[in-house]
Amino acid sequence: MRQGKRQILKIDYSPSLNQATLVLAFSGWMDGGDVSTGTVKRLVRLLDAEPIAEIDSEPFYIYNFPGSMDIAALFRPHTEIEDGLLKAVDMPTNTFYCYEPANLVLFVGKEPNLQWRTFGECVIRLAREG
């Protein structure tokens with residue numbers, strides 16, 4: 001799936017799966033105590049599941065929101081500054097992992113703010129083609 005010249009869904013590897021199970025975990029308001037993302041991240045680690053695809057975050061998230069700095073900060077990517085220099089910027093990630101022996105695909109990502117239909121089409125495309 002492309003938006004302009006940018007590839008939104010990038011599939012790096014298409015595993016050999018048959019009627020696989022896809023488990024989706026989204027961070028956001030519904031991920032109380034990281035129960036959703038924490039569980040799936042643990043499965044990824046325990047199974048040593050391999051990343052197979054990702055959804056580009058750029059078209060789906062609001063990074064600046066009008067209002068107070070406290071509110072705007074909730075939408076901005078986390079940045080790390082050391083000695084006055086930008087050390088890291090953590091953009092939202094949306095990654096699919098696979099554990100082929102169990103016919104299992106795992107997704108860990110952030111609930112989109114924008115373009116829900118396009119985001120959903122990326123998930124469906126991966127389910128069909130991945």
Side-chain angles (χ1 to χ4, degrees):
M1 170 161 286
R2 292 187 181 275
Q3 183 174 13
K5 293 185 177 188
R6 180 182 217 119
Q7 186 175 358
I8 298 174
L9 175 64
K10 181 181 171 211
I11 301 174
D12 295 318
Y13 172 69
S14 293
S16 179
L17 302 171
N18 183 26
Q19 296 184 337
T21 299
L22 171 60
V23 178
L24 303 170
F26 291 96
S27 64
W29 69 269
M30 64 185 161
D31 190 23
D34 296 334
V35 70
S36 173
T37 55
T39 300
V40 174
K41 285 177 182 179
R42 180 155 171 80
L43 284 171
V44 167
R45 282 191 309 274
L46 289 174
L47 298 172
D48 200 22
E50 296 292 328
I52 60 167
E54 63 182 36
I55 298 174
D56 181 16
S57 64
E58 190 69 25
F60 300 108
Y61 303 104
I62 297 170
Y63 296 120
N64 195 16
F65 195 80
S68 71
M69 288 301 291
D70 293 339
I71 298 298
L74 296 172
F75 292 87
R76 293 191 179 137
H78 177 75
T79 58
E80 188 177 337
I81 298 173
E82 188 175 290
D83 297 325
L85 299 173
L86 183 63
K87 187 175 177 182
V89 177
D90 281 336
M91 301 299 286
T93 59
N94 300 294
T95 307
F96 292 91
Y97 301 88
C98 181
Y99 182 63
E100 287 185 73
N103 214 28
L104 181 63
V105 177
L106 304 164
F107 172 84
V108 179
K110 181 178 180 190
E111 178 182 305
N113 304 122
L114 306 164
Q115 299 190 54
W116 282 71
R117 183 177 297 137
T118 303
F119 192 95
E121 288 169 355
C122 289
V123 173
I124 298 300
R125 179 175 162 220
L126 185 279
R128 287 186 180 140
E129 298 176 19

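The first residue of the sequence shown is numbered 1, and numbering continues consecutively from there.
Salt bridge Lys87/Glu82: present, at least one basic N to carboxylate O contact under 4.0 Å.
Rounded to the nearest 0.5 angstrom, Gln7 CD and Cys122 SG are separated by 9.5 Å. Remark: Ser16 OG to Asn103 CG distance equals 8.5 Å, nearest 0.5 Å. Between atom CD of residue Glu100 and atom CD of residue Glu50 there is a gap of 9.5 Å, rounded to the nearest 0.5 Å. One finds the CG atom of Leu106 at 13.5 Å from the CZ atom of Arg42 (value rounded to the nearest 0.5 Å). Interatomic distance, OG of Ser36 versus CD of Glu111, reported as 10.5 Å (0.5 Å rounding).
By the 4.5 Å heavy-atom criterion applied to side chains, Leu43 and Tyr97 are not counted as neighbours. Residues Cys98 and Leu17 have side chains in contact (heavy-atom distance under 4.5 Å, counting atoms from C-beta outward). A heavy-atom distance below 4.5 Å is not found between the side chains of Ile11 and Phe96. The shortest distance between side-chain heavy atoms of Arg125 and Leu9 falls below 4.5 Å. Using a 4.5 Å cut-off on side-chain heavy atoms (C-beta onward), Val105 and Thr21 make no contact. In this structure the side chain of Ile52 never reaches within 4.5 angstrom of the side chain of Asp12, judged on heavy atoms. Side-chain contact check for Ile8 versus Ile55: some heavy-atom pair is nearer than 4.5 Å. Using a 4.5 Å cut-off on side-chain heavy atoms (C-beta onward), Val123 and Leu22 make contact.
Legend: residues meeting side chain to side chain contact (heavy atoms under 4.5 Å, CB included) with Thr93, ordered by chain and number and at least two apart, are Thr95. Residues passing the side chain to side chain contact (heavy atoms under 4.5 Å, CB included) test with Leu86 are Thr79, Ile81, Val89, sequence neighbours excluded.
Across Gln115 and Phe60, no two heavy atoms sit closer than the pair O-CE2, 3.5 Å. Of all non-hydrogen atoms in Pro112 and Tyr61, the two that sit nearest each other are CA-CE2, 3.5 Å. Here the shortest heavy-atom pairing between Gly109 and Thr37 reads O-CG2, 4.4 Å.
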- Query: Can you list the steps and then say if Phe26 with Phe107 is a ring pair (Phe, Tyr, Trp, His ring centres under 6.0 Å)?
  - Reply: CA-CA 8 Å; Phe26 291 96; Phe107 172 84; 5.3 Å; yes
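Taken together through direct or relayed side-chain contacts under 4.5 Å among Ile, Leu, Val, Met, Phe, Trp and Tyr, Leu24 and Ile124 form parts of separate hydrophobic clusters.
Side-chain atoms of Asn113 and Tyr63 form no donor-acceptor pair, as typed in the model, at a separation below 3.5 Å.
Other residues, nucleotides and ligands contribute over 12 non-hydrogen atoms within 6.0 Å of the NZ atom of Lys110.
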